[in-house]
There are 2 protein chains.
Amino acid sequence: MALEHAILVSLLEQPGSGYELARRFDRSIGRFWTATHQQIYRVLRRMEADGWVSVEEVAQDGRPDKKVYSAAGPGRTALSAWLREPVEPETVRHELAVKIRAAAFDDPAALISEVERHREGHATLLARYLHGEQRDFPDPAALDARRELQHVVLRGGIEYERMTLAWLDDVLATLHRLADRTDSGATPPSTPGSP
Amino acid sequence: MALEHAILVSLLEQPGSGYELARRFDRSIGRFWTATHQQIYRVLRRMEADGWVSVEEVAQDGRPDKKVYSAAGPGRTALSAWLREPVEPETVRHELAVKIRAAAFDDPAALISEVERHREGHATLLARYLHGEQRDFPDPAALDARRELQHVVLRGGIEYERMTLAWLDDVLATLHRLADRTDSGATPPSTPGSP
DNA sequence: GTATACATGTAAACGGTTACATGATTCT
DNA sequence: AGAATCATGTAACCGTTTACATGTATAC
């Protein structure tokens with residue numbers, strides 16, 4: 001489990017409340033680790049019990065009080081130990097790939113709009129990454145360690161999106177080619193509703 | 001949830017027992033959807049109860065009996081309906097990216113061997129994909145719909161591995177650059193064991 | 001004789017998702 | 001007046017992972 005560690009990194013970069021962390025997980029960190037506020041609150045309480053983070057209750061006027069968390073010594077030690085542990089390769093869940101192979105037993109043309117929708121989403125994300133790169137890393141020569149490492153992770157996101165876009169174009173071309181053959185050899189589409 | 005659908009696709013491509021399915025999920029299908037044998041057995045029972053698959057008990061000599069599952073009509077209908085539903089983007093879990101950002105608060109050099117290990121794993125996988133491509137798709141002009149779609153999914157895997165390798169080289173170069181600066185500006189590494 | 005492959009399962013623990021709840025403030 | 005933002009939480013459910021269990025046959 002790495003949610004604890006992702007939270008620690010985020011708190012080291014900037015202390016904050018559970019709510020603020022949840023928003024960061026919607027934005028920057030969420031690019032490579034997702035979490036809902038319920039998860040975050042639960043894990044924060046456990047981390048506090050383990051001494052990984054310290055809390056300070058902050059009263060606000062006009063707004064509810066908040067608990068501001070900071071990474072504590074034992075948390076840093078735990079992060080350091082985790083960094084030195086080997087991580088197994090990620091378990092992949094690529095639903096679209098399952099669908100593409102499933103299309104062989106149905107009508108390949110039925111997938112085209114879905115793939116186009118995905119393509120659009122990835123194009124938007126790539127544009128956002130590139131915009132963020134220009135904003136946050138305008139002068140790549142003069143960066144400290146933290147920003148260098150943030151930048152290399154962002155470059156990974158950018159290259160992933162570029163690659164995915166190119167692949168989705170390949171998928172679309174393949175689906176169109178199969179749809180144009182109104183043919184024989186293929187498995188006939190099933191007729192849903194009348195099985 | 002798409003485990004049911006991944007199983008259906010696999011059974012449409014070739015009927016088989018739970019055990020055989022588990023092995024396929026370790027090999028080809030596991031590239032984009034992982035599952036253990038416990039999950040598969042449980043889901044197969046549910047799918048059988050729902051009429052998505054039919055079972056035939058096959059006695060074998062020298063080996064335990066097995067239950068051979070095949071996709072049934074209602075399963076095909078369900079697959080067809082699922083294909084037409086929109087899928088939300090995958091939730092990403094990229095532990096290595098968390099570690100890279102974490103390295104800013106520790107010693108970046110401590111990550112180098114881990115990243116190299118990942119690099120090796122991806123290089124091996126890419127080699128296996130390329131070998132599989134040459135073996136299974138030697139003549140890309142003469143493919144039916146099923147194999148065309150299998151091929152485009154495999155091409156996605158190949159491009160993903162290529163991109164990942166290039167990115168990991170970028171990460172390694174960055175880590176080496178940071179390790180060479182035995183510097184100031186960076187956050188000093190914590191000393192695990194003596195917090 | 002030990003390990004691996006074949007073949008199927010139960011049980012417990014854990015992590016993640018979804019729904020619900022509360023309550024003040026600010027924006028449209 | 002209604003929606004969105006800030007802020008924290010409970011409860012139920014579902015899916016996944018890990019450990020344990022059983023038994024035969026073949027390979028080293």
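Chain naming here is simple, since letters A, B, ... match the order of the sequence lines and numbering starts at 1 in each.
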*Asks:* Strictly below 4.0 Å, heavy-atom distances to any atom of DNA chain C: list the hits from residues 19-30 of chain B, or just say none.
*Replies:*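 Heavy-atom cutoff 4.0 Å gives B:Tyr19, B:Arg23.
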
*Asks:* Just the rounded figure in Å: distance from P of C:dC6 to CG of B:Asp61.
*Replies:* 16 Å

*Asks:* Show your working on side chain to side chain contact (heavy atoms under 4.5 Å, CB included) between A:Ser10 and A:Leu21 and close with a plain yes or no.
*Replies:* CA-CA 8 Å; A:Ser10 191; A:Leu21 281 169; 3.5 Å; yes

*Asks:* Where is the tightest heavy-atom contact between B:Asp106 and A:Arg84, given as atom of each residue plus distance?
*Replies:* OD1-NH1, 2.8 Å

*Asks:* Rounded to whole angstrom units, what separation is found between the CD atom of B:Gln38 and the P atom of D:dA21?
*Replies:*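 Distance check: B:Gln38 CD to D:dA21 P gives 14 Å.
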
*Asks:* Specify the separation, in whole Å, of atom CG of A:Leu44 and atom C1' of C:dG15.
*Replies:*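 Taking atom C1' of C:dG15 as the reference, CG of A:Leu44 is at 16 Å.
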
*Asks:* Hey, could you give me the NE2/CD distance between A:His118 and B:Glu88, rounded to the nearest 0.5 Å?
*Replies:* 8.5 Å

*Asks:* Check for a donor-acceptor pair, side chain of A:Glu95 on one end and backbone N or O of B:Glu90 on the other, with a separation under 3.5 Å.
*Replies:*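 Not a single qualifying donor-acceptor pair exists.
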
*Asks:* Figure out the CD/C1' separation between A:Glu90 and D:dT17, and round it to whole Å.
*Replies:* 16 Å

*Asks:* D:dT16, C:dT8, D:dA7: which one has an atom nearest the side-chain heavy atoms of B:Leu3?
*Replies:* D:dT16

*Asks:* Considering the terminal five base pairs at each end of the helix from C:dG1-D:dC28 to C:dT28-D:dA1, what angle separates the two local helix axes, rounded to 10°?
*Replies:*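 The angle, to the nearest 10 degrees, is 40°.
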
*Asks:* Starting at atom CZ of A:Arg63, determine the distance to atom P of D:dA4, rounded to an integer number of angstrom.
*Replies:* 18 Å

*Asks:* Please name the pair of heavy atoms, one in A:Ala102 and one in B:Val9, separated by the smallest distance, quoted to 0.1 Å.
*Replies:*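 Smallest interatomic distance, heavy atoms only, reads CB-CG2, 3.5 Å.
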
*Asks:* How is B:Ser17 classified with respect to the nucleic acid when contacts are heavy atoms under 4.0 Å: base, sugar-phosphate, or nothing?
*Replies:*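 Result for B:Ser17 = sugar-phosphate.
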
*Asks:* Measure from NE2 on A:His37 to P on C:dC20 and round the result to the nearest Å.
*Replies:*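 Answer to the nearest Å: 14 Å.
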
*Asks:* Distance check: side-chain N/O of B:Arg45 vs OP1/OP2 of C:dT10, anything under 4.0 Å?
*Replies:*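 So the side-chain polar atoms of B:Arg45 do come within 4.0 Å of the phosphate oxygens OP1 or OP2 of C:dT10, strictly under.
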
*Asks:* For residues 149-177 of chain A, tabulate all N or O donor-acceptor pairs below 3.5 Å that involve a side-chain atom, not counting sequence neighbours.
*Replies:*
unit_1	atom_1	unit_2	atom_2	d
A:Gln150	NE2	A:Glu13	OE2	3.2
A:His151	ND1	A:Arg155	NH1	3.2
A:His151	NE2	A:Glu133	OE2	2.9
A:Arg155	NE	B:Asp170	OD2	2.8
A:Arg155	NH2	B:Asp170	OD1	2.9
A:Arg155	NH2	B:Asp170	OD2	3.4
A:Arg155	NH2	B:Thr174	OG1	3.4
A:Glu159	OE2	A:Arg162	NE	3.4
A:Glu161	OE1	A:His122	ND1	2.5
A:Thr164	OG1	A:Tyr160	O	2.8
A:Trp167	NE1	B:Val152	O	2.8
A:Asp169	OD1	A:Arg119	NH1	2.6
A:Asp169	OD2	A:Arg119	NH1	2.9
A:Asp170	OD1	B:Arg155	NH2	2.9
A:Asp170	OD2	B:Arg155	NE	2.7
A:Asp170	OD2	B:Arg155	NH2	3.4
A:Thr174	OG1	A:Asp170	O	2.9
A:Thr174	OG1	B:Arg155	NH2	3.4
A:His176	ND1	A:Leu172	O	3.1
A:Arg177	NH1	B:Glu148	OE1	2.9
A:Arg177	NH1	B:Glu148	OE2	3.0

*Asks:* I'd like to know if B:Arg46 pairs up with B:Glu4 as an ion pair, taking the criterion as any Lys NZ or Arg NE/NH1/NH2 lying under 4.0 Å from an Asp or Glu carboxylate oxygen.
*Replies:*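 Judged by the 4.0 Å cut-off on N to carboxylate O distance, B:Arg46 and B:Glu4 do form a salt bridge.
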
*Asks:* Within the modelled atom types, does a donor on one side and an acceptor on the other bring the side chain of A:Arg42 and the base of C:dG16 under 3.5 Å apart?
*Replies:* yes

*Asks:* Report the nucleotide, chosen from D:dT17, C:dA7, C:dC20, that has the shortest atom-to-atom distance to any side-chain atom of B:Gln39.
*Replies:*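 Nearest to the side-chain atoms of B:Gln39, counting from C-beta on, is D:dT17.
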
*Asks:* Quick one: is C:dA7 close enough that its OP1 or OP2 comes under 4.0 Å of any side-chain N or O from B:Gln60?
*Replies:* yes

*Asks:* Roughly, in whole Å, what's the span from NZ in B:Lys67 to P in C:dC6?
*Replies:* 19 Å

*Asks:* According to a strict under-4.0 Å criterion, is B:Tyr41 in side-chain N/O contact with OP1 or OP2 of C:dT8?
*Replies:*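 Answer is yes, contact under 4.0 Å.
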
*Asks:* If you find the nucleotide of DNA chain D closest to B:Ala35 and the one closest to A:Tyr69, which residue's nucleotide is nearer the 5' end?
*Replies:* A:Tyr69

*Asks:* If the threshold is 4.0 Å, N to carboxylate O, is there a salt bridge linking A:Glu57 and A:Lys66?
*Replies:* no

*Asks:* Take atom CD of A:Glu88 and atom P of D:dT17, then tell me their distance rounded to the nearest Å.
*Replies:* 11 Å

*Asks:* Mapping B:Asp65 and A:Thr34 to their closest nucleotides on DNA chain C, which lands nearer the 5' end?
*Replies:*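 This one resolves to B:Asp65.
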
*Asks:* For B:Lys66 and B:Arg93, find the nucleotide of DNA chain C closest to each by heavy atoms; which residue's nucleotide sits nearer the 5' end?
*Replies:*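 Nearest-nucleotide comparison on DNA chain C picks B:Lys66.
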
*Asks:* Would B:Trp52 and B:Leu11 count as a side chain to side chain contact (heavy atoms under 4.5 Å, CB included) if you check the C-alpha gap in whole Å, the side-chain angles of each, and the deciding distance to 0.1 Å?
*Replies:* CA-CA 11 Å; B:Trp52 287 24; B:Leu11 289 178; over 6 Å; no

*Asks:* Begin from the C-alpha positions of B:Val92 and A:Thr34 and carry the test side chain to side chain contact (heavy atoms under 4.5 Å, CB included) through to its verdict.
*Replies:* CA-CA 7 Å; B:Val92 182; A:Thr34 54; 5.5 Å; no

